[in-house]
Amino acid sequence: MIKFFNTLSGKKEIFKPIKEGNVSIYVCGMTVQNRPHLGHMRAYITADLIRRVFEHNGYTVKMIQNFTDIDDKIIERSREFGMDYRVFGEQYIKEYIDSAIKMNILQPYYYPRATQHINEIIDLVEKLIEKGYAYFVDGDVYYRTEMFKDYGKLSGKKIEDLRSGARIKINPKKKNPLDFALWKGAKEGEPYWYSPWGKGRPGWHIECSAMSMKYLGETFDIHAGGTDLIFPHHENEIAQSEAATGKTFANYWIHNEMLRIKGEKMSKSLSNFLAVSDILKEVSPNALRLYYYRTHFRSPLEYDENSLQEASNSFERIERFISKNTSGSGLDNELFDGLMRNLNDNFNSPKTLGLMFAAIKDANNGIREKSTTANTVKKVLEIIGFDLKEEKKNEISDKIIDGIVAIRDRMRAEKQFQYADMIRDELNKLNIEILDSKDGTKWKIK
RNA sequence: GGCGGCAUAGCCAAACGGUAAGGCGGCGGUCUGCAAAACCGCUAUUUAUCGGUUCGACUCCGGUUGCCGCCUCCA
């Protein structure tokens with residue numbers, strides 16, 4: 001049984017799939033107008049965790065994650081760089097996928113792109129016009145928000161409240177300031193596609209409706225993304241999709257909270273972001289994943305420089321415990337079930353990690369059996385996306401180092417500490433760390 | 001101005017009606033030729049604040065203060 005918080009109801013609910021044993025998930029992907037940053041990665045790690053928990057529970061997961069590769073800002077920024085908007089967006093798509101693979105994120109069933117679904121988008125807009133939910137004005141097509149009686153059901157907003165909000169800019173083409181563009185006529189020099197309304201491009205929101213329904217059906221199980229998308233993006237997706245089909249769009253909505261930096265949301269527009277691919281040069285993918293998992297996805301996560309290092313230290317502790325104690329294949333089933341139960345309950349990764357560390361301490365104290373604990377911890381970590389494969393070793397250089405270490409041990413035995421320490425220092429310069437202990441000397445690459 | 005969320009030790013962070021997990025850091029210790037690493041122990045009489053409900057509240061209700069998100073492109 002999996003339960004989690006559904007934004008639509010505002011409550012934790014027990015998940016019931018549309019089709020037994022299957023779950024369809026649409027993850028709102030990036031608008032590729034800038035580099036993928038730590039905030040984006042939080043959303044996709046959250047989605048990856050959710051997907052992995054479902055898979056572990058025996059579900060067949062069909063996950064779709066889009067790239068929105070056409071919008072006003074992409075056009076604007078690609079011009080600034082003097083690049084074709086396609087080439088411009090492509091670099092960020094590549095950067096995202098590279099980082100996702102490094103992060104051991106399971107790849108979605110498909111990564112659809114807005115520009116490859118223009119026909120589906122046009123069909124959807126036409127359907128909305130036919131039904132009277134959309135109107136054409138001077139090259140643009142707008143959605144008539146007041147016609148959709150459930151408008152605001154996801155975000156908890158009321159049309160009257162929104163209207164009084166001082167921040168809505170007046171666009172004279174709109175019949176109501178809350179109406180939003182489904183299709184935008186192209187201005188001189190902008191990219192365009194032919195449509196019944198002339199040359200233009202899709203508005204923001206419509207691409208997600210078109211792509212999710214194409215691959216997952218008119219009603220699907222879960223729609224995920226960041227809280228910043230709840231309004232207007234997801235609200236508008238619901239309005240468009242449900243107006244067009246007369247059916248519920250997504251049964252469950254999962255939103256991750258924002259990553260903050262210095263008390264503000266990390267975002268492209270505030271240009272206070274740290275690119276994921278840069279961070280991955282500093283810390284390992286496992287450490288970064290642990291960093292995210294330490295905080296529940298529904299809580300804001302405040303970034304500071306120390307916290308990544310903390311996560312890294314913390315992960316090393318687990319790693320050491322595992323590499324020292326894993327043996328055989330026996331599991332501690334009670335521990336395993338306890339850890340997984342917390343993941344099935346709103347994907348509570350911090351609680352799971354806490355229990356894991358407590359178990360490690362118990363094992364070190366002899367209260368709990370070491371090898372089954374280590375095997376269990378390792379198994380759970382792998383289920384939730386950590387990559388614990390042994391590093392490939394270079395046999396010859398390993399043997400050389402082993403030989404040098406053996407010579408040093410001999411010198412220590414003969415109390416020639418001066419030379420033994422010299423060897424330790426020299427190896428240290430090569431980033432090889434000597435670990436003396438009762439059970440003999442070990443070494444590792446720092 | 002409207003809507004929503006959050007406030008737990010030096011820092012990060014669980015628990016959400018049954019008497020405060022865990023991590024990082026710090027301090028003390030075991031081990032060691034020394035050091036490092038590792039491991040162990042200690043580190044919140046108390047959950048922003050005031051009041052209420054209850055046998056019992058970090059957990060529920062109301063007020064106050066502070067912070068954040070959305071209402072404009074955003075994961």
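Just so it is clear, the structure is predicted and the values come from calculations on it, not from any experiment. Chain identifiers are assigned alphabetically (A, B, ...) following the order of the sequence lines, protein sequences preceding nucleic acid strands; residue numbering begins at 1 within each chain.
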Describe the nucleic acid contact of [X] in one word from base, sugar-phosphate, nothing, applying a heavy-atom distance below 4.0 Å.
X: A:H37; result: base
X: A:K442; result: nothing
X: A:L259; result: base
X: A:R298; result: nothing
X: A:E302; result: nothing
X: A:G156; result: sugar-phosphate
X: A:N365; result: sugar-phosphate
X: A:K73; result: base
X: A:G152; result: nothing
X: A:L435; result: base
X: A:K444; result: nothing

Would you kindly check if the NZ (Lys) or CZ (Arg) of [X] is within the cone defined by 45 degrees around the ring axis of [Y] and under 6.0 Å from the six-membered ring centre?
X: A:R408; Y: A:Y419; answer: no
X: A:K62; Y: A:Y109; answer: yes
X: A:K175; Y: A:Y135; answer: yes
X: A:K11; Y: A:F5; answer: no

Can you tell me how far [atom1] in [N] sits from the matching atom in [M], rounded to whole Å?
N: B:U45; M: B:A9; atom1: C1'; answer: 13 Å
N: B:A36; M: B:G22; atom1: P; answer: 27 Å
N: B:G25; M: B:G33; atom1: P; answer: 26 Å
N: B:A7; M: B:U47; atom1: P; answer: 14 Å
N: B:C6; M: B:G62; atom1: P; answer: 13 Å
N: B:G28; M: B:C67; atom1: C1'; answer: 37 Å
N: B:A48; M: B:A15; atom1: P; answer: 15 Å
N: B:C60; M: B:A14; atom1: P; answer: 16 Å

Paired with [N]: which nucleotide, if any, by Watson-Crick or G-U wobble criteria at under 3.5 Å for both distances?
N: B:C16; answer: none
N: B:G1; answer: B:C71
N: B:U46; answer: none
N: B:C27; answer: B:G41
N: B:C34; answer: none
N: B:A57; answer: none

Where each residue is assigned the nucleotide of RNA chain B containing its nearest heavy atom, which of A:S155 and A:R42 is assigned the position nearer the 5′ end?
->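 With A:S155 and A:R42 compared, the 5'-side residue is A:S155.
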First of A:F417 and A:K361 reached from the 5' end of RNA chain B, by closest nucleotide |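 Nearer the 5' end of the strand: A:F417.
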Tell me: [atom1] of [X] to [atom2] of [N], nearest whole Å?
X: A:E316; N: B:A36; atom1: CD; atom2: P; value: 17 Å
X: A:H234; N: B:G69; atom1: NE2; atom2: C1'; value: 15 Å
X: A:Y291; N: B:G23; atom1: OH; atom2: C1'; value: 14 Å
X: A:M258; N: B:C71; atom1: CE; atom2: C1'; value: 15 Å
X: A:I75; N: B:C73; atom1: CD1; atom2: P; value: 14 Å
X: A:L290; N: B:C12; atom1: CG; atom2: C1'; value: 12 Å
X: A:E264; N: B:C68; atom1: CD; atom2: P; value: 8 Å
X: A:D421; N: B:A36; atom1: CG; atom2: P; value: 13 Å

Exam field: side chain A:R42 to backbone A:M258, donor-acceptor pair closer than 3.5 Å =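 Yes; judged by distance alone, with no hydrogens or angles, the pair exists.
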Side-chain donor or acceptor of A:Y151 paired with backbone N/O of A:E235 under 3.5 Å |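 No; zero donor-acceptor contacts below 3.5 Å.
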Identify which one of A:F220, A:Y26, A:F148 satisfies the ring pair (Phe, Tyr, Trp, His ring centres under 6.0 Å) criterion when paired with A:F249.
->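 For A:F249, the ring pair (Phe, Tyr, Trp, His ring centres under 6.0 Å) test succeeds with only one of A:F220, A:Y26, A:F148, which is A:F220.
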Phosphate OP1/OP2 of B:C70 contacted by A:K265 side-chain N/O (<4.0 Å) =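 It does, given that an N or O in the side chain of A:K265 lies less than 4.0 Å from OP1 or OP2 of B:C70.
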Does A:N342 have a side-chain nitrogen or oxygen under 4.0 Å from the phosphate oxygens OP1 or OP2 of B:A15?
->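 No, A:N342 has no side-chain N/O under 4.0 Å of OP1/OP2 on B:A15.
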In terms of side-chain heavy atoms of A:K351, which of B:G22, B:C71, B:A14 is nearest?
->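 Output: B:A14.
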From the list B:G33, B:C39, B:A13, which nucleotide is the closest neighbour of the side chain of A:N364?
->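 Selected nucleotide (nearest to the side chain): B:C39.
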With sugar-phosphate taken as primed atoms, P, OP1 and OP2 and all else as base, the protein-contact string of nucleotides 24-32 of chain B at under 4.0 Å (heavy atoms; B, S, -) is BS-----S-
Decide whether A:Y96 and A:Q91 meet the rule of one side-chain donor and one side-chain acceptor closer than 3.5 Å.
->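 There is no such pair between these side chains.
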Would you kindly check whether a donor in the side chain of A:R424 faces an acceptor in the base of B:A35, or vice versa, at under 3.5 angstrom?
->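 Such a pair is found, so the answer is yes.
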Classify the side chain of A:K157 and the base of B:C71 as holding, or not holding, a donor-acceptor pair under 3.5 Å.
->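 Per atom types, no contact qualifies.
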Aromatic centroids of A:F386 and A:F315 separated by under 6.0 Å |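 Yes; A:F386 has its ring centre under 6.0 Å from that of A:F315.
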For the ring pair A:F88 and A:Y92, is the centre-to-centre distance below 6.0 Å?
->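 Ring centres of A:Y92 and A:F88 closer than 6.0 Å.
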Any idea how A:W253 and A:H255 line up, ring-wise: parallel (<30°), tilted (30 to 60°), or perpendicular (>60°)?
->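 Correct class here is parallel.
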